[in-house]
Amino acid sequence: MRSLHINSRMITIIFFLMVSMSVFGGRDNGRFRTFKKAMAAAENKDFETAMALYSEILSQNPGHVDALTQLGVCMVTANQSLDSALVLFNKALNIIPREDRFSPFGFELQRTIARTHNLNAHPKKALAILKTLKDSVENTQLKNELRTEILQTRNAAVLLKNPVPLKITNLGDQFNSGFDDHSPLVSLTGNRIFFTSRRPAGRDKELSDGQYSEKVFFAEHNGYEWEQPRPMGRFFSRSEHKSILSLSPDGNRIFLFKNDREGKSIYVSNYRNDEWQEPEKLPHPINSEWAETHASLSPDQSTLFFTSDRPGGYGGLDIYMVKLNEYGKWGEPVNMGPEINSEKDEETPMLHPDGRTLYFASEGHSSMGRFDVFFSQLEEDGSWAEPVNMGHPINTPDDDFFFVPTLDKSQAYYASYRFKENVGRSDIYKVEFDSLYNGSLAVIEGTIQNSKNLPAEHIRILVSRDSDNKRVGDYRPNPETGRYLLFLEAGESYTIKEMSPEKEEEEQVINVPEQLAFDNSEQVLMVQDPRMLPPLKPEQESFGVDTRKLAENNQKSAMERINDQERDTTYTIQLIALKHYPKVGLWFFNGLNLETVKAMEGRDGYLRYVAGHFDSREEAIRYRSKIQREGHFADAWIRPWEPLKELSKGQTLLAER
């Protein structure tokens with residue numbers, strides 16, 4: 001199971017125990033049995049029971065060194081109080097005779113104290129202990145391990161002292177629970193979020209560690225707020241762990257992690273006929289007899305990045321990439337090499353829609369300790385640059401992983417085992433960078449014609465940048481719908497070739513002006529002309545929320561507020577929003593009654609085209625469904641009419657323009 005795969009690292013790193021109980025714990029048989037029960041509970045991840053049993057031993061014998069150390073380990077591993085754990089460890093250390101401070105037990109106890117200081121954001125205290133330990137050992141392997149820990153602790157000291165200017169927000173108890181919540185994925189339109197949780201769902205049985213089996217949950221944004229998350233029933237029929245790994249760029253494929261008979265494996269579910277299909281296991285050689293724990297697609301959907309601990313890597317889990325051939329079949333996986341992979345574990349690779357920024361988690365490189373989030377840029381010669389640590393506060397000395405970038409490089413989502421801010425154990429966070437991180441990507445939507453009814457998996461859309469004739473994408477359309485999304489830098493022109501092994505190339509040139517660059521407040525999608533997508537995080541004023549009304553209604557439930565607003569609201573369908581007013585040809589609105597289409601010039605610098613005026617949201621939904629069934633405006637946005645009217649300087653019928 002995925003979260004325990006990562007969380008168990010804490011135990012293997014700190015769980016130094018198995019000390020002879022006759023040395024420090026006495027020979028009391030009753031206490032010995034209690035200690036064994038506590039050890040068994042801890043091994044089963046039932047830390048609550050283990051801590052209660054260790055505390056029972058200490059109430060009878062406060063100087064029981066084994067119980068002191070084991071209780072401290074449980075507190076650290078279960079994300080309890082680090083300060084309390086340090087008190088227990090130091091008490092145990094002071095009980096040990098001074099001449100035994102560097103015995104195997106004393107050595108590991110001091111090493112654990114140093115690690116706990118680092119987790120507690122006190123790297124200088126950790127460094128002092130680690131340096132003393134390094135000078136005390138002669139074993140080469142142990143000395144090298146301590147050198148690595150010293151290096152990581154120094155990294156922590158530097159990064160903690162020089163935090164990156166950004167804002168990290170816990171998504172709150174609507175998405176985070178008292179259980180592990182992780183793997184957040186937000187759809188391109190920003191109106192749906194998927195994540196994995198170990199909270200109870202249905203008739204789930206509680207497991208020995210006090211949590212439930214991993215399930216995939218999702219929530220939708222109704223235009224005012226996020227609805228309550230719901231489990232995706234298609235993805236669990238038994239009490240088995242299934243966690244979400246990634247979402248394809250077009251939102252039609254979900255990659256999943258599952259323990260099956262062959263071990264840790266990767267599965268994929270396709271969205272067809274308005275429902276998710278039964279997950280299918282990815283073929284060999286992606287899945288193997290070894291552990292495969294994560295997978296994600298490149299923006300052009302022609303390359304899969306995945307993690308595996310198969311032989312031949314650089315150590316632990318490595319990141320591999322595998323490409324589709326011209327017939328739509330996966331080729332042979334290629335290790336991404338020592339630039340990306342280290343002698344330790346790498347995890348959760350995610351390629352940004354720009355196609356050249358890879359985000360991943362690593363315990364190696366310049367980690368602060370445990371998993372840190374890194375990024376690497378693809379160089380012009382096809383090599384990957386040295387990974388860069390994303391810095392603090394994204395990274396901490398604890399586990400930080402599953403960093404999910406959005407189209408806007410100033411926003412991302414990730415999961416972290418934070419001790420102070422978390423609602424439960426692993427929690428989901430939103431990251432907002434300074435505006436200088438904004439990207440300049442435009443999203444182009446298209447649909448292949450395929451008049452010769454060729455196998456859909458054979459069709460490719462090759463995209464080259466005209467300024468340097470460089471290939472920037474090998475896009476694959478959705479085999480069911482023929483739809484594809486291109487992620488291209490604005491301010492350039494591109495040659496697009498639609499081809500397959502069975503037919504001649506067809507090409508066209510498309511210009512992507514600067515005006516179509518992705519913007520924080522307005523996401524622009526275009527089909528040879530731009531089209532509008534709703535923002536990732538709709539601003540209150542965008543939906544006409546009156547702050548005085550909010551104050552009056554803050555005692556009401558969310559549903560009551562929505563009902564109150566909907567009774568007084570009319571709606572329209574926003575088709576497109578353009579900055580700096582580039583022209584749109586009338587052909588763009590083919591299939592619509594032009595007398596219902598209005599152009600609205602906004603005070604915010606956008607020209608919006610809307611269709612229809614509806615007395616209820618349900619009417620607007622029906623109309624949007626009708627035009628979408630005809631193959632138009634797949635991402636049209638339902639908006640309340642009055643706030644949009646207030647935002648606009650005026651409106652003009654399209655037929656009058």
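Keep in mind that this is a model prediction, so the values were computed, not measured. For the single chain, residues carry numbers from 1 onward in sequence order.
Counting heavy atoms from C-beta outward, Phe374 and Ile340 have side chains that stay 4.5 Å or more apart. Side-chain contact between Lys167 and Val431 is absent, with no heavy atoms from C-beta onward closer than 4.5 Å. By the 4.5 Å heavy-atom criterion applied to side chains, Tyr359 and Ser376 are not counted as neighbours. Within the 4.5 Å cutoff, the side chain of Phe255 has no heavy atoms near those of the Pro279 side chain. The side-chain heavy atoms of Met350 and Pro405, taken from C-beta on, include a pair separated by under 4.5 Å. Side-chain atoms of Ile266 and Lys281, non-hydrogen and from C-beta on, never get closer than 4.5 Å to each other. You'll find the side chain of Met75 stays beyond 4.5 Å of the side chain of Leu82, heavy atoms only. Counting only heavy atoms from C-beta outward, the side chains of Leu256 and Leu245 never approach each other to under 4.5 Å.
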Residues Leu282, Tyr267; criterion side chain to side chain contact (heavy atoms under 4.5 Å, CB included); working and verdict: CA-CA 5 Å; Leu282 290 182; Tyr267 285 70; over 6 Å; no
Can Lys323 and Met321 be said to form a side chain to side chain contact (heavy atoms under 4.5 Å, CB included), step by step? CA-CA 7 Å; Lys323 291 180 174 290; Met321 57 188 292; 4.1 Å; yes
Asn155 and Asn389: CA distance, side-chain angles, deciding distance, side chain to side chain donor-acceptor pair (under 3.5 Å) verdict: CA-CA 10 Å; Asn155 292 336; Asn389 191 302; over 6 Å; no
Go through it in stages, so that I can follow the logic: the residues are Tyr413 and Val186, the test is side chain to side chain contact (heavy atoms under 4.5 Å, CB included), and I'd like the CA-CA distance, side-chain angles, deciding distance and then a yes or no. CA-CA 8 Å; Tyr413 294 85; Val186 179; 3.4 Å; yes
Take Gln301 and Arg253 through the test side chain to side chain donor-acceptor pair (under 3.5 Å) and record every step on the way to the result. CA-CA 10 Å; Gln301 304 197 60; Arg253 276 187 282 182; 2.8 Å; yes
Yes or no on ring pair (Phe, Tyr, Trp, His ring centres under 6.0 Å) for His182 and Phe402, after CA distance, side-chain angles and deciding distance? CA-CA 8 Å; His182 61 92; Phe402 209 95; 7.0 Å; no
Ring pair (Phe, Tyr, Trp, His ring centres under 6.0 Å) evaluation trace for Phe360 with His294: CA-CA 11 Å; Phe360 63 98; His294 184 85; over 10 Å; no
Derivation of the side chain to side chain contact (heavy atoms under 4.5 Å, CB included) call for Lys134 and Lys143: CA-CA 6 Å; Lys134 184 174 75 70; Lys143 221 174 185 58; 4.1 Å; yes
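Not a single donor-acceptor pair under 3.5 Å links the side chain of Asn118 to the backbone N or O of Thr153. Remark: side-chain polar atoms of Thr406 are paired, donor with acceptor, to backbone N or O of Gln411 under 3.5 angstrom. At distances below 3.5 Å, not a single donor-acceptor pair connects side-chain atoms of Arg199 with backbone N or O atoms of Gly178. A donor-acceptor pair under 3.5 Å is formed between the side chain of Ser298 and the backbone N or O of Thr303. Under the 3.5 Å distance criterion, the side-chain polar atoms of Asp260 are matched with a main-chain donor or acceptor of Glu262. The closest donor-acceptor contact from the side chain of Glu346 to the backbone of Ser342 lies under 3.5 Å. For Asp400 (side chain) and Thr396 (main-chain N/O), a donor-acceptor pair under 3.5 Å exists by modelled atom type. No donor-acceptor pair closer than 3.5 Å links the side chain of Ser367 to the backbone N or O of Gly364. Using a distance-only test at 3.5 Å, with no hydrogens or angles considered, a donor-acceptor pair links the side chain of Asn395 to the main chain of Val373. No side-chain donor-acceptor contact under 3.5 Å links Lys215 to the backbone of Arg198.
Taking CE of Met368 as the reference point, atom CG of Asp398 lies at 10.5 Å (rounded to 0.5 Å). Separation of atoms NZ (Lys344) and CG (Leu317) is listed at 13.0 Å; rounding is to 0.5 Å. If you take OG1 on Thr132 and CG on Leu146, they are separated by 11.0 Å, rounding to the nearest 0.5 Å. A distance of 7.0 Å separates NZ in Lys91 from CG in Leu58, rounded to the nearest 0.5 Å. Atom CG of Leu351 is separated from atom CG of Leu297 by 10.0 Å, given to the nearest 0.5 angstrom. Atoms CG and CD, from Leu207 and Gln211 in turn, are 8.5 Å apart once rounded to the nearest 0.5 Å.
Shortest non-hydrogen contact noted between Ala42 and Ala50 is N-CB, 3.8 Å. Of all non-hydrogen atoms in Asp100 and Ser103, the two that sit nearest each other are O-OG, 2.8 Å. Here the closest non-hydrogen pair linking Phe179 and Pro200 is CE1-CD, 3.6 Å. The shortest heavy-atom contact between Asp300 and Ser302 is OD1-OG, 2.8 Å. Shortest non-hydrogen contact noted between Thr69 and Phe89 is O-CE2, 3.4 Å. Closest approach of Tyr414 and Pro184 over heavy atoms only: N-CG, 3.9 Å.
Side chains of Ser243 and Ser183: no donor on one and acceptor on the other come within 3.5 Å. Defined by atom type and a distance below 3.5 Å, a donor-acceptor pair is present between the side-chain atoms of Ser288 and Glu292. A side-chain donor-acceptor contact under 3.5 Å links Thr293 and Glu347. In summary, the side chains of Ser81 and Asp83 do not present any donor paired with an acceptor at a separation below 3.5 Å, with no hydrogens or angles considered.
Contact check on Arg111 versus Glu145 returns a salt bridge, with a Lys/Arg side-chain nitrogen under 4.0 Å from an Asp/Glu carboxylate oxygen. A salt bridge is defined here as a Lys NZ or Arg NE, NH1 or NH2 lying under 4.0 Å from an Asp or Glu carboxylate O, and Glu149 with Arg115 meets this definition.
Within a 6.0 Å radius of CD in Gln141, no more than 12 heavy atoms belonging to other residues, nucleotides or ligands are found.
Taking the six-membered ring where the residue is Trp, Phe217 and Phe195 present parallel rings, their angle staying beneath 30° rather than reaching 60°.
Cation-pi geometry between Arg310 and Tyr320 is met: under 6.0 angstrom from the ring centre, within 45 degrees of the axis.
Residues Phe35 and Tyr54 place their aromatic rings such that the two centres sit under 6.0 Å apart.
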